[in-house]
Amino acid sequence: MSVDDAEALPERTRRRRTPKPHAAGVKAVAAAAGVSLGTVSNVLNRPEVVSPLTRAKVEAAMASLGFVRNESARQLRAGSSRILAYLMLDAGNPFFTDVAKGVEEAAQAAGLSVFLCTSSEDADREAAYLDLLEQQRVQGILITPIDQNSSRLRKLPSRGTPVVVVDRALDEGEHCSVAVNDVLGGELAISHLLELGHERIAYVGGPNTIGQVVDRREGARRALETAGRPAADLIELTTGALTVAEGRGAGQRLAGLPADRRPTAAFCANDLLALGLLQQCVSLGLRVPEDLAIVGYDDIEFAEAAAVPLTSVRQPRQLLGRTAAELLLDESSNPDHEHQRVTFTPELVVRTSTRGTL
């Protein structure tokens with residue numbers, strides 16, 4: 001090591017770490033308040049059975065000692081936690097974070113916390129999270145699954161962990177489900193484009209392992225058939241994921257088609273794809289909506305704020321999350337719970353990307 005190198009090294013100082021203080025336990029609280037361990041336990045778990053004066057003494061002792069409840073110990077005794085988990089498909093998609101807000105509202109009202117995790121559209125990652133959440137004894141799991149027919153999902157309730165499927169409709173089975181009618185949503189989007197006179201319409205979405213992608217495409221095909229057109233007229237631009245980057249890639253492919261074959265309208269499986277498609281097409285000189293009309297899906301906040309405000313199929317995102325969490329809470333506490341399939345109706349919100357200046 002040269003002198004110059006030695007001079008460049010940072011100066012380090014060391015000092016002995018202060019020993020970590022021991023957290024005050026229930027015995028210390030009981031002694032400080034002059035009550036029994038059972039009374040402290042009641043204050044923590046059943047405060048309504050303790051007189052106001054005694055409860056105040058115990059709470060004052062907790063405050064002075066810096067007592068923090070040991071939730072892990074309570075969970076061990078009870079066999080479950082006071083935590084709900086939401087395993088979403090993509091944390092980068094604002095649709096799912098809006099759904100999570102609704103979940104949190106319901107959980108907070110019930111005095112519970114929410115653990116958020118994302119599969120990132122990866123089946124192995126989803127499976128690993130499901131195993132972890134079951135091991136952690138969460139009170140229940142909300143999930144937007146990659147495959148709603150997964151055997152792992154079916155087994156969880158029989159082992160004591162209730163599951164509610166979010167944003168996917170189930171015909172029957174071991175779970176409640178909360179979703180929007182995505183087939184109808186696809187019909188609304190394509191019917192709107194047909195009413196505007198478009199003949200060559202693309203559907204941008206994928207992968208086809210995601211149920212929402214399949215249902216929205218099915219709705220698009222039905223709308224064509226209802227209008228007397230063959231479903232095969234739908235031009236499919238398949239994507240590897242539901243992201244802005246994949247939307248840009250689809251835009252590159254679409255813009256590269258000969259003008260006489262290029263779609264004049266596109267329906268995207270979600271708003272992120274639609275925003276990426278819009279960005280790429282505009283950067284390549286296509287005008288929206290004059291050269292290409294675009295419809296998205298979800299109506300996230302960014303849809304209205306886009307450079308060309310985006311027409312989109314709206315889902316009641318927070319209501320989806322809140323309803324799903326309420327069903328999960330009922331299943332985890334009500335022995336007479338009956339599984340429900342809740343389906344909301346989507347709404348088309350028309351903006352500049354299909355109709356120009358409104």
Side-chain angles (χ1 to χ4, degrees), residues 84 86-90 93-107 119 140-150 153-154 156-157 162-192 203 205 208-226 242 267-271 295-300 303 311-332 334 336-350:
L84 300 182
Y86 177 32
L87 177 50
M88 63 183 78
L89 204 61
D90 177 12
N93 186 339
F95 168 79
F96 292 110
T97 53
D98 285 346
V99 171
K101 290 177 184 176
V103 172
E104 188 176 34
E105 286 176 7
S119 68
I141 298 173
L142 301 137
I143 182 171
T144 302
I146 296 170
D147 176 12
Q148 70 268 24
N149 298 313
S150 160
L153 280 183
R154 291 200 304 271
L156 284 171
V163 172
V164 172
V165 173
V166 184
D167 199 34
R168 290 298 298 135
L170 301 180
D171 293 327
E172 56 185 24
E174 298 84 356
H175 316 302
C176 289
S177 66
V178 180
V180 169
N181 187 338
D182 282 325
V183 174
L184 175 58
E187 290 184 70
L188 290 173
I190 297 300
S191 296
H192 171 62
Y203 176 63
N208 292 323
T209 52
I210 297 176
Q212 295 90 329
V213 172
V214 174
D215 286 351
R216 293 165 194 177
R217 181 180 58 209
E218 175 61 24
R221 289 172 171 171
R222 287 189 189 182
L224 286 171
E225 291 174 340
T226 300
L242 299 169
F267 167 44
C268 299
N270 77 350
D271 284 341
V295 180
Y297 204 106
D298 292 337
D299 195 32
I300 61 176
T311 294
S312 185
V313 179
R314 175 179 291 167
Q315 301 195 73
R317 304 177 299 279
Q318 289 187 225
L319 182 58
L320 273 171
R322 188 164 62 250
T323 303
E326 289 169 351
L327 288 173
L328 187 62
L329 290 167
D330 184 72
E331 183 173 354
S332 67
N334 179 7
D336 298 320
H337 172 83
E338 294 183 0
H339 291 322
Q340 298 180 47
R341 175 186 175 184
V342 180
T343 305
F344 293 101
T345 301
E347 172 192 0
L348 182 71
V349 180
V350 178

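Keep in mind that what you see is a predicted model, and the values were worked out from it rather than measured.
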> When rounded to the nearest 0.5 angstrom, what distance separates CG in Asp90 from OG1 in Thr144?
Replying inline: 10.5 Å

> Is Leu348 close to Thr311 at the side-chain level, that is, under 4.5 Å between some pair of heavy atoms?
Replying inline: yes

>> As an exercise, state the distance from CD of Glu338 to CG of Asp330, rounded to the nearest 0.5 Å.
In response: 10.0 Å

> Would Asp98 and Gln318 count as having a side-chain donor-acceptor pair, cut-off 3.5 Å?
Replying inline: no

> Does a sphere of radius 6.0 Å around CD in Glu104 hold more than 12 heavy atoms from other residues, nucleotides or ligands, not counting ones at 6.0 Å or beyond?
Replying inline: no

> Is any side-chain heavy atom of Asn181 less than 4.5 Å from a side-chain heavy atom of Thr345?
Replying inline: no

> Of all residues at least two apart in sequence or in a different chain, which pass the salt bridge (Lys or Arg N to Asp or Glu O under 4.0 Å) check with Arg314?
Replying inline: Asp299, Glu347

> If you look at every heavy atom in Glu187 and Ala223, which pair is closest and at what distance?
Replying inline: O-CB, 3.8 Å

> Which heavy-atom pair separates Gly185 from Val313 by the least distance, and what is that distance?
Replying inline: O-CG2, 3.7 Å

> Does any non-hydrogen side-chain atom of Gln212 lie less than 4.5 Å from one of Asn270?
Replying inline: no

> Using 4.0 Å as the upper bound for N to carboxylate O, is an ion pair formed by Glu105 and Lys101?
Replying inline: no

>> Would you say that Pro316 contacts Val180 through its side chain, given a criterion of any heavy-atom pair below 4.5 Å between the two side chains?
In response: yes

> Just how far is it from atom CD of Glu225 to atom CD1 of Ile190, taken to the nearest 0.5 Å?
Replying inline: 12.0 Å

>> Ignoring hydrogens, what is the shortest heavy-atom contact between Phe267 and Gly296? Give both atom names and the distance.
In response: CE1-O, 4.0 Å

>> Minimum heavy-atom separation for Ile300 and Asp271, please, with both atom names.
In response: N-OD2, 2.8 Å

>> Tell me every residue that passes side-chain contact (heavy atoms from CB on, under 4.5 Å) with Ala269, counting only those two or more places apart in sequence or in another chain.
In response: Tyr203, Val213, Leu242, Leu273

>> If you define the side chain from C-beta out and look only at heavy atoms, does anything of Met88 sit under 4.5 Å from Val99?
In response: no

> Closest approach of Ile143 and Pro145, non-hydrogen atoms and distance?
Replying inline: O-CD, 3.3 Å

>> Can you list everything that forms a side-chain contact (heavy atoms from CB on, under 4.5 Å) with Asp215? Sequence neighbours excluded, please.
In response: Arg168, Asp182, Val183

> Does Arg341 have any salt bridge (Lys or Arg N to Asp or Glu O under 4.0 Å) partners at least two apart in sequence or in another chain, and if so, which?
Replying inline: Asp171

>> Just so I know, are the side chains of Leu188 and Val295 near enough to count as touching, which here means a heavy-atom distance under 4.5 Å?
In response: no

>> For Pro346 versus Tyr297, what's the shortest heavy-atom pair and its separation?
In response: CB-OH, 4.2 Å

> Can you name the side-chain contact (heavy atoms from CB on, under 4.5 Å) partners of Ser332, sequence neighbours left out?
Replying inline: Gln139, Pro162

> Quick one: which of Val178, Val164, Val163 gives a side-chain contact (heavy atoms from CB on, under 4.5 Å) with Leu328?
Replying inline: Val164

> With Phe95, which residues qualify under ring-ring contact (aromatic ring centres under 6.0 Å, His included), at least two apart?
Replying inline: none

